[in-house]
Amino acid sequence: MAANLDNDRLPADFPSPPSWADRLHPENLTIFLFHGVVEQSDYLVRNYNRKHLAAADFRAIMTALSERGSALSMDEVIAHHKNQTPYPEYAFAVTFDDSFENNLTVAAPILRELGIPATLYATTGFISNNRMSWVDRIEWAFEEKCRFDKAVEPDLPWQDTPVRAETAEEMRALLSDIRTKVKSGLISDPDAFATEIQVQLGLSETWTTPDPLDKKLTWDQIRELHDDPLFIIGGHSHSHAILSYLDESALANELDTSLRLLKDNTGIDPVHYAYPEGLPDTFSQGVIEALKDRGIVCCPTAISGYNTPETDLFHLKRFLVM
Ligand SMILES: [Zn+2]
């Protein structure tokens with residue numbers, strides 16, 4: 001087992017990099033949502049869903065987009081919506097969620113070279129503590145076991161008996177299932193759940209690793225990006241909690257903490273924000289009002305689709321690239 005899967009090959013359903021330019025629309029705006037870009041991806045289990053693209057693929061996608069279309073910053077998007085002016089032809093915008101360090105070290109040089117602006121939505125709790133998300137902490141644990149030819153057999157609250165996964169492929173399938181179940185709201189505290197899995201697998205509780213899939217931007221690096229006019233920093237919550245699941249005071253705390261940390265550490269008073277997860281049930285009118293009360297002007301979702309200048313700035317759609 002632990003056969004070395006051909007990890008450099010893109011999955012069959014991943015469009016070829018240049019074909020992402022076919023997503024561009026002559027009149028409407030296409031916003032792309034990225035997470036990470038890495039020089040190398042030689043993992044057995046991790047990054048199976050291409051959350052972190054290979055640098056060569058990212059470069060090919062960006063080159064094709066810039067040849068075909070017109071890149072807009074999210075500030076320019078706001079201006080088109082406020083003034084109700086048509087976008088340039090085949091308009092697109094580039095966004096990154098979750099504050100991975102590789103956004104600066106790998107993606108930013110490519111974007112600078114091509115002159116493509118990007119907005120980075122920063123999760124302040126990830127930055128302050130170089131912290132991993134719950135799903136990355138479980139992925140990391142599975143990778144550790146797989147690398148040493150060990151099976152995983154976690155006891156999952158929605159299963160009657162522990163589920164065994166031996167091969168990398170079985171582990172990826174199990175991760176996919178865990179992802180879906182946890183995101184459906186089945187687990188009230190995903191961070192505690194990730195700790196439980198790590199401990200069940202005989203590993204120590206791990207919140208941070210130096211791996212490019214895990215490392216987050218530091219405050220100095222956020223400032224460096226903010227100082228470059230090509231990049232805009234927005235908020236993306238403090239703990240990556242799903243905002244619509246929080247009661248009023250927890251929501252206020254989540255938003256206020258993220259905005260205060262951005263302000264204190266970088267001087268940024270963001271008008272840009274992105275909902276964690278960003279799917280239909282993860283934000284609500286209450287969430288939108290709470291964001292507006294705090295000076296946020298634009299908050300895209302992660303729902304696939306195009307935008308017109310009439311689209312509400314709190315319901316913008318984005319195509320997830322992974
Ligand atoms: Zn996110």
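Just so it is clear, the model here is predicted, and its values are computed rather than measured. Atoms within a ligand are numbered from 1 in the order they appear, just like the ligands themselves. As a basis for the values below, the full set of heavy atoms in this structure was taken, side chains included, without hydrogen atoms, waters or symmetry mates.
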Over all atoms of both residues, closest heavy-atom pair of Lys317 and Ser304: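 Taking every non-hydrogen atom into account, CD-O, 3.6 Å.
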Heavy-atom pair with the smallest gap, counting every atom of Phe314 and Val297: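 Looking at all heavy atoms of both residues, the closest pair is CE1-O, 3.3 Å.
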Note: Glu144-Arg147 ion pair, threshold 4.0 Å (strictly below):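 Counted as a salt bridge, because a side-chain N and a carboxylate O are separated by less than 4.0 Å.
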Ion pair check, Arg50 and Asp57, cut-off under 4.0 Å: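 The answer is no: the pair does not qualify as a salt bridge.
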Ring-face cation of Arg23 near Phe319 (centre distance under 6.0 Å, axis angle within 45°):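 That pair qualifies as a cation-pi contact.
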Closer than 2.8 Å to the Zn ion (ligand 1) - protein N, O or S atoms, ordered by chain and residue number: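 Metal shell, protein only: Asp98 OD1, His236 NE2, His240 NE2.
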Sequence-distant partners of Glu153, salt bridge (charged side-chain N to carboxylate O under 4.0 Å, His left out), two or more places apart: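 In terms of salt bridge (charged side-chain N to carboxylate O under 4.0 Å, His left out), with neighbours along the sequence ignored, Glu153 is linked to Arg164.
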